[in-house]
2 protein chains.
Amino acid sequence: MENNAKKRQRPGRANIKLEDVAIHAGVSPATVSRFLNNPKVVSEEAKKRIKAAIATLGYMPHRAARALASNHSRTIGAVVPTLDNAIFSRQIMAFQNRLAFNGYTLLLAVSEYDADSEFQQARVLLEHGVEALMLVGERRSAEFYSLLTRVGVPFVNTWLYRSDSIHPCCGFIHDSTQQVLVDHLVGLGHRRLSVITGQPENNDRVATRLNAIVAALESHGLDLDPRCVINTHYSYADGREALRRLMALDEQPTAVLAGNDVLASGVLFEAHSQGIDVPGHLSVTGFGDLAISEHLYPPLTTIRTPKEEIGEAAADFLIARLAGRETPDRTELPARFCLRASTGPAATPALAHGIGGDGF
Amino acid sequence: MENNAKKRQRPGRANIKLEDVAIHAGVSPATVSRFLNNPKVVSEEAKKRIKAAIATLGYMPHRAARALASNHSRTIGAVVPTLDNAIFSRQIMAFQNRLAFNGYTLLLAVSEYDADSEFQQARVLLEHGVEALMLVGERRSAEFYSLLTRVGVPFVNTWLYRSDSIHPCCGFIHDSTQQVLVDHLVGLGHRRLSVITGQPENNDRVATRLNAIVAALESHGLDLDPRCVINTHYSYADGREALRRLMALDEQPTAVLAGNDVLASGVLFEAHSQGIDVPGHLSVTGFGDLAISEHLYPPLTTIRTPKEEIGEAAADFLIARLAGRETPDRTELPARFCLRASTGPAATPALAHGIGGDGF
DNA sequence: TGAACCAATGAAAGCGCTTACAGACACCTG
DNA sequence: CAGGTGTCTGTAAGCGCTTTCATTGGTTCA
């Protein structure tokens, strides 16, 4: 009867609140709160008693209440296209790790490469009061960007770097990175290249790299046969299927630029099962450098992308912003060319259709 | 001057609140709240005006306030060992997808196979008011379980199923699943098996499977030479290194049971580079069935684990519990044996040291 | 000795929502 | 027409914290 108000029970939480700790420790709630948030202003004596009270009561702060009162949720959101690809999962791991280290919790959503879904999910994260947001890519609706600026949370676009971007970003320059691969192949004598990649309409990095390939070829006086460009999804089976289509062409390409290492692996697998010699008959490049890529037969020539570095840099950027620290809007984390054995001199036309080399 | 109180600005959010919507729509805050949470009780007229007000003001609900007032955060937490492995990332994708569909947001933490970290991170998620929790495995401190029950949030242990578990769980039975592999190899004439797996002390599934291997061998009157058991980490390089150690033994095993498909792939890669014929000279099994496994040379005999199914079942279970619906505590999602080409009859002793077959 | 300062604390007013309760109104029913 | 019923709405009291402001008692300094 000591409490005549209808007591709304809190299912789903231990029912100990800050006030209980205060009573137990013989101090005011304000002091307990200060102990939690800024311990140096409370006396040793009070600290000791509060600590004891927290321990014996098993008190856990109620973050929603804290968020409401202090206007700080201590959460940061991320929306990524998928976790299927090791690329994003490593980024997220590094990101989450950095956040946790700094006392932030990650709210995660997956967009499945769908722009509407990305927007929708980001909205929900904002409603949840995330103090900052990590996103992938930069192409999105004006409405999305205007929400972001209206709400005023710091955000960062990852996986790309453009020195003239109007938004904070961290990643690498896709054009020049992609160009390295094209130059490499052309330098090996390849004249008829092919591309197997994702859907440019859902993925601005794919679109950029595709353009970069065309531009790079142009600079060599070459062009890209549209029949040699296959836009597909990111699975091994898709990579295999794409190579089959390419090999069915009457003028077969001598090299394949795969959009990522999964696709490239698929190409390698298919080449193997068809007895196509790589790199004797066909050169293959990947993009991303997965852990497995150096172990494939032959080891894959690819681009090592800074997955963890991007996650960490994004976290550091956002945390710095939230702490009011000055920090540059754009961070370039270069991707590196990994020359391995899946690329080699273009077969001379005379040999082009033979099954060369020692296979696998 | 209409507001003489010191106005704490809300940086990081659009400053429109429910009350503003109410004023704009000419109704009380309660009605707006009802519109948001239980629209069927508000009149069509009011609905229309509130909808318009929300749209023109660009109102976004403040979830922390809502959580505080209603005692429902609409968030669910998950702690997984890693996202590095496709296993858990697929589970998380499926889980998150299901949550989002039901209006829940995922708070994600990664424990890196560390029990203290798992506990710590789960605590933080609980502080954030997650209404339910998905975990991996079942071995954890009594303190952890007591917190879970004290706080009273529904939780579920994933990746294992035990009909006699006292906690909700969803997954498969490791013992019998593992046994299938052992029986398969023994049935092929293998007598000297080896195991390459993770660290049983950090991973109860590994420990269970290891015991299951010993038991299964015993049932065939065989035993497991301790020198043939290698506990390592989950990388391709670790798998390769482990095979090297196994091959350096004076009595070489004729089969390797790898703890997961990554390790098994490493074994395959190393076997290839050493010219060891698989399965002619050495049989290899995996565990998990990654997307790549069917494409390897030779395609990997392994166990297909229900990754997405586990994520979905876990989400469904927790959501049902939160909705007060009856639902069984334990869900068995069987793992399936995938017979492929990496296993074959044990080499006869006479041939055991030769390099057989056509390699790759 | 009194003014000035400082460190430590408590009282109380919210943060932006939800919800119990009661009131207002329209409509039946006997 | 009194009384009941049902639908919709508003009032106001919190949810568990943070934080401003005022107060206390002790120290230092001129």
Side-chain angles (χ1 to χ4, degrees), chain A residues 3-23 25-50 54 57 59-74 126-129, chain B residues 3-23 25-50 54 57 59-74 126-129 131 151:
Chain A
N3 189 345
N4 59 346
K6 63 272 148 198
K7 186 104 214 151
R8 274 191 272 164
Q9 256 296 341
R10 303 179 86 312
R13 299 202 108 246
N15 230 6
I16 310 289
K17 55 178 110 170
L18 183 138
E19 197 190 341
D20 302 323
V21 175
I23 291 169
V27 298
S28 74
T31 300
V32 178
S33 173
R34 280 189 278 257
F35 169 81
L36 259 20
N37 297 299
N38 190 13
K40 65 174 178 290
V41 306
V42 353
S43 66
E44 287 308 319
E45 171 57 22
K47 254 185 211 148
K48 216 179 61 197
R49 295 217 308 277
I50 294 170
I54 288 178
L57 297 176
Y59 169 71
M60 290 172 64
H62 188 297
R63 300 245 186 182
R66 180 189 294 209
L68 182 56
S70 70
N71 205 5
H72 286 303
S73 68
R74 299 249 101 194
L126 291 172
E127 291 181 5
H128 275 290
Chain B
N3 190 346
N4 60 346
K6 63 273 144 197
K7 187 103 213 155
R8 274 192 273 163
Q9 257 296 339
R10 302 179 88 310
R13 299 202 106 247
N15 230 5
I16 311 289
K17 54 178 114 171
L18 184 138
E19 196 190 344
D20 301 323
V21 174
I23 293 169
V27 298
S28 75
T31 300
V32 178
S33 172
R34 281 189 277 257
F35 169 80
L36 259 19
N37 297 301
N38 190 14
K40 65 175 176 292
V41 306
V42 353
S43 67
E44 286 308 319
E45 170 59 19
K47 254 184 210 148
K48 216 178 61 197
R49 295 217 308 277
I50 293 170
I54 288 178
L57 296 176
Y59 168 72
M60 289 171 66
H62 189 297
R63 301 246 187 178
R66 181 189 295 210
L68 182 56
S70 71
N71 204 5
H72 286 304
S73 67
R74 299 249 102 198
L126 291 172
E127 291 182 4
H128 275 289
E131 297 183 40
V151 168

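All values derive from a computational prediction rather than experimental measurement. Basis for what follows: all heavy atoms, side chains included, without hydrogens, waters or symmetry-related copies. In what follows, every chain begins at residue 1, and chains take the letters A, B, ... in the order their sequences are listed.
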Quiz item: Looking at C/dG10, D/dT9, C/dT18, which one has an atom nearest to any side-chain atom of A/Val27?
Solution: C/dG10
Self-check item: Length of the NE2-P vector between A/His62 and D/dG14, whole Å
Solution: 17 Å
Quiz item: Roughly, in whole Å, what's the span from CG in B/Asn71 to C1' in D/dG16?
Solution: 11 Å
Exercise. Using atom types as modelled and distance alone, determine if a side-chain donor or acceptor of B/Asn37 lies under 3.5 Å from a backbone N or O of B/Ser33.
Key: yes
Exercise. Mind calculating the distance between CD1 (B/Ile50) and P (D/dG10) to the nearest angstrom?
Key: 9 Å
Practice problem: Report yes if the side chains of A/His62 and A/Leu18 come closer than 4.5 Å at any heavy-atom pair, otherwise no. | Solution: no
Quiz item: What's the spacing between B/Arg66 CZ and A/Glu127 CD if we round to 0.5 Å?
Solution: 7.0 Å
Quiz item: Can you list the residues that meet the side chain to side chain contact (heavy atoms under 4.5 Å, CB included) rule with B/Arg34, with sequence neighbours excluded?
Solution: B/Ala30, B/Thr31, B/Val41, B/Val42
Self-check item: B/Ala65 side chain, from C-beta outward: closest of C/dG16, D/dC17, C/dT18
Solution: C/dG16
Quiz item: With sequence neighbours left out, what residues match B/Glu45 under salt bridge (Lys or Arg N to Asp or Glu O under 4.0 Å)?
Solution: B/Lys48, B/Arg49
Quiz prompt | Proximity to DNA chain D (any heavy atom under 4.0 Å), residues of residues 28-38 of chain A only | solution = A/Ala30, A/Ser33, A/Arg34, A/Asn37
Quiz item: What string of B, S and - do you get for nucleotides 22-27 of chain D, 5' to 3', if B is base contact, S is sugar-phosphate-only contact and - is no contact with any protein heavy atom under 4.0 Å?
Solution: ------
Quiz item: Between B/Leu18 (CG) and D/dC15 (P), how many Å, whole number?
Solution: 19 Å
Self-check item: d(NZ, A/Lys47; C1', C/dA7) in whole Å
Solution: 12 Å
Practice problem: Compare all side-chain heavy atoms of B/Phe35 with those of B/Ile54 and state whether any distance is below 4.5 angstrom. | Solution: yes
Quiz item: Any side-chain heavy-atom pair from B/Leu36 and B/Ile50 closer than 4.5 angstrom?
Solution: no
Practice problem: Give the rounded distance in Å between these two atoms: NZ of B/Lys48 and C1' of D/dC8. | Solution: 17 Å
Practice problem: Taking the side chain as every heavy atom from C-beta outward, state whether B/Leu126 and A/Met60 have any atom pair closer than 4.5 Å. | Solution: yes
Self-check item: Short side-chain to backbone donor-acceptor contact, B/Ser73 and B/Gly129, under 3.5 Å
Solution: yes
Self-check item: Separation between OH of A/Tyr59 and CD1 of A/Ile16, rounded to the nearest 0.5 Å
Solution: 10.0 Å
Quiz item: Angle, rounded to 10°, between the helical axes spanning five pairs at each terminus of the helix from C/dT1-D/dA30 to C/dG30-D/dC1?
Solution: 40°
Practice problem: Under the side chain to side chain donor-acceptor pair (under 3.5 Å) rule, collect the residues that match up with B/Ser43, sequence neighbours excluded. | Solution: none
Quiz item: Between A/Lys17 and A/Asn15, does any side-chain donor sit less than 3.5 Å from a side-chain acceptor?
Solution: no
Quiz item: For the side chain of B/Lys17, counting heavy atoms from C-beta on, which of C/dC17, D/dG16, C/dT9 is nearest?
Solution: C/dC17
Quiz item: Between atom CD in B/Glu19 and atom C1' in C/dC17, what is the gap in whole Å?
Solution: 11 Å
Quiz prompt | OP1 or OP2 of C/dT9 under 4.0 Å from side-chain N/O of A/Ser43 | solution = yes
Quiz item: Rounded to the Å, how far apart are A/Leu68 CG and D/dC17 P?
Solution: 12 Å
Practice problem: May I ask you to say what B/Ala64 touches in the nucleic acid, namely base, sugar-phosphate or nothing, with a heavy-atom cut-off under 4.0 Å? | Solution: nothing
